[in-house]
Amino acid sequence: MSRSAAPILITGASQRIGLYCAERLLDEGQPVIISYRTERDGVHRLRERGALALQADFSNEAGILAFIEALKGHTDCLRAIVHNASDWLTEAPGQEADAFQRMFSVHMLAPYLINLHCEALLRESSPADIVHLSDDVARKGSEKRIAYCASKAGLDNLTLSFAARFAPHIKVNGIAPALVMFNADDDESYRKKTLAKSALGIEPGPQVIYQGLRYLLDNPYVTGTTLTLNGGRHLK
Ligand SMILES: NC(=O)C1=CN([C@@H]2O[C@H](COP(=O)(O)OP(=O)(O)OC[C@H]3O[C@@H](n4cnc5c(N)ncnc54)[C@H](OP(=O)(O)O)[C@@H]3O)[C@@H](O)[C@H]2O)C=CC1
Ligand SMILES: Nc1nc2c(c(=O)[nH]1)N=C([C@H](O)[C@@H](O)CO)CN2
């Protein structure tokens with residue numbers, strides 16, 4: 001009896017980019033598992049479309065390990081893992097150490113532990129992929145989000161190490177976007193200033209991330225690479 005298609009896990013898919021990519025994968029008949037931290041309309045929509053939604057908070061080791069255990073209770077194989085979950089924290093006065101710990105946990109410890117504990121599930125699928133969602137800002141640093149940026153730079157390094165460790169069966173790549181989509185509370189001044197930072201000057205929307213994800217999933221000869229999707233921000 002043929003095995004049903006192995007699911008793709010997208011973390012942090014209750015809204016925005018993760019939700020968009022989960023919906024596109026479902027459109028293609030791809031089974032999807034998501035993690036979410038907050039019960040949002042997007043989670044309900046994905047469940048209605050047949051996705052498995054597992055609640056998880058990656059801000060500490062216990063939450064990450066609890067998610068891994070829950071995931072293994074639902075599947076023994078994975079086509080891919082997309083590490084999308086992220087918190088975009090600034091250094092709030094007096095909260096610096098907490099911010100650093102949370103950024104490290106969500107952007108580095110969670111991908112690290114999930115990759116190590118789920119390697120066997122990925123080896124049940126061929127092809128098999130890991131994709132880390134990073135940030136173009138890791139290229140130059142960020143005075144306003146020091147811990148966020150450092151943790152994304154560390155994530156880029158995890159891409160290199162896991163690509164070497166898991167080859168040839170599992171490909172490991174990253175996507176480093178600059179502005180993809182604004183947040184609802186971004187004011188006109190911020191939007192104008194941000195759009196001016198790239199050569200192309202647009203807010204492209206989440207479809208550009210899905211195009212990058214599709215490329216990485218479909219291409220058998222790419223590993224240890226981080227795709228830059230930044231509108232030419234490095235040219236300004
Ligand atoms: N949007 C953009 O323009 C850009 C995005 N990126 C990167 O792309 C990815 C997607 O971006 P975007 O869609 O804007 O991301 P969001 O800011 O919408 O975050 C995605 C999800 O991460 C989840 N999350 C946050 N903290 C935790 C935690 N401690 N444990 C578990 N889940 C958590 C949230 O879950 P919940 O809502 O359920 O609480 C949220 O829905 C991110 O990695 C981001 O850094 C990079 C550059 C630009
Ligand atoms: N987790 C998140 N990371 C990032 C976000 C976001 O909304 N959530 N947004 C950005 C910005 O778009 C930035 O690239 C331009 O202002 C970066 N990371």
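Since we're looking at a predicted model, the values are computed, not measured.
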Near [X] [atom1], under 6.0 Å, is it more than 12 heavy atoms from other residues, nucleotides or ligands?
X: Tyr210; atom1: OH; value: yes
X: Glu28; atom1: CD; value: yes
X: Glu39; atom1: CD; value: yes

message: For Arg145, is there an ion pair with Asp135 - N to carboxylate O distance below 4.0 angstrom?
response: no
- request: Answer yes or no: is there an ion pair linking Asp98 with Arg102, defined by an N-O contact shorter than 4.0 Å?
  value: yes
- prompt: For Tyr221, which fellow cluster members are found when Ile, Leu, Val, Met, Phe, Trp and Tyr are connected by side-chain heavy-atom distances below 4.5 angstrom, either directly or through intermediates?
  reply: none
query: Which residues, ordered by chain and number, are linked to Phe182 in its hydrophobic cluster, where ILVMFWY side chains connect at heavy-atom gaps below 4.5 Å, directly or through other members?
result: Trp88, Leu89, Met103, Val137, Tyr148, Leu179, Tyr190, Leu195
For the pair [X] (side chain) and [Y] (backbone), establish whether a donor and an acceptor sit closer than 3.5 Å, ignoring hydrogens and angles.
X: Gln30; Y: Ala6; answer: yes
X: Lys192; Y: Asp187; answer: no
X: Ser35; Y: Leu54; answer: no
X: Asn115; Y: Pro111; answer: yes
X: Asp136; Y: Pro177; answer: no

message: Please determine whether side-chain contact (heavy atoms from CB on, under 4.5 Å) holds for the pair Cys118 and Leu78, giving the CA-CA distance in whole Å, both sets of side-chain angles, and the decisive distance to 0.1 Å.
response: CA-CA 8 Å; Cys118 294; Leu78 285 170; 4.3 Å; yes
- line: Heavy atoms of Ala184 and Arg191 approach each other most closely as O-NH2, 3.7 Å
Closest non-hydrogen atom pair between Cys77 and Pro7, with its separation: O-CD, 3.5 Å
Using the rule that two of Ile, Leu, Val, Met, Phe, Trp, Tyr join whenever any of their side-chain heavy atoms come within less than 4.5 Å, decide whether [X] and [Y] are in one cluster.
X: Leu216; Y: Ile114; result: no
X: Tyr20; Y: Val43; result: yes
X: Val131; Y: Leu26; result: yes
X: Ile68; Y: Val82; result: no

message: Under the criterion side-chain contact (heavy atoms from CB on, under 4.5 Å), I'd like the reasoning laid out for Arg37 against Ser14: C-alpha separation, chi angles, the key distance, then a yes or no.
response: CA-CA 8 Å; Arg37 184 181 53 174; Ser14 68; over 6 Å; no
For [X], side chain to side chain donor-acceptor pair (under 3.5 Å) partners two or more places apart:
X: Lys171; answer: Asp129
X: Arg24; answer: Asp27
X: Asp57; answer: Ser59

field: Residues Ser86 and His107: side-chain donor-acceptor under 3.5 angstrom
entry: yes
task: I would like to know whether Ile17 and Asn84 meet side-chain contact (heavy atoms from CB on, under 4.5 Å); could you show each step before the answer?
output: CA-CA 8 Å; Ile17 290 171; Asn84 170 78; 3.8 Å; yes
List the atom pairs, with distances to 0.1 Å, where a side-chain N or O of residues 157-167 and a protein N or O form a donor-acceptor pair under 3.5 Å, not counting sequence neighbours.
| residue | atom | partner | partner atom | Å |
| --- | --- | --- | --- | --- |
| Thr159 | OG1 | His132 | ND1 | 2.8 |
| Thr159 | OG1 | Leu155 | O | 3.3 |

- prompt: side-chain contact (heavy atoms from CB on, under 4.5 Å) between Ile64 and His117: does it pass, once the steps are laid out?
  reply: CA-CA 11 Å; Ile64 299 165; His117 286 270; over 6 Å; no
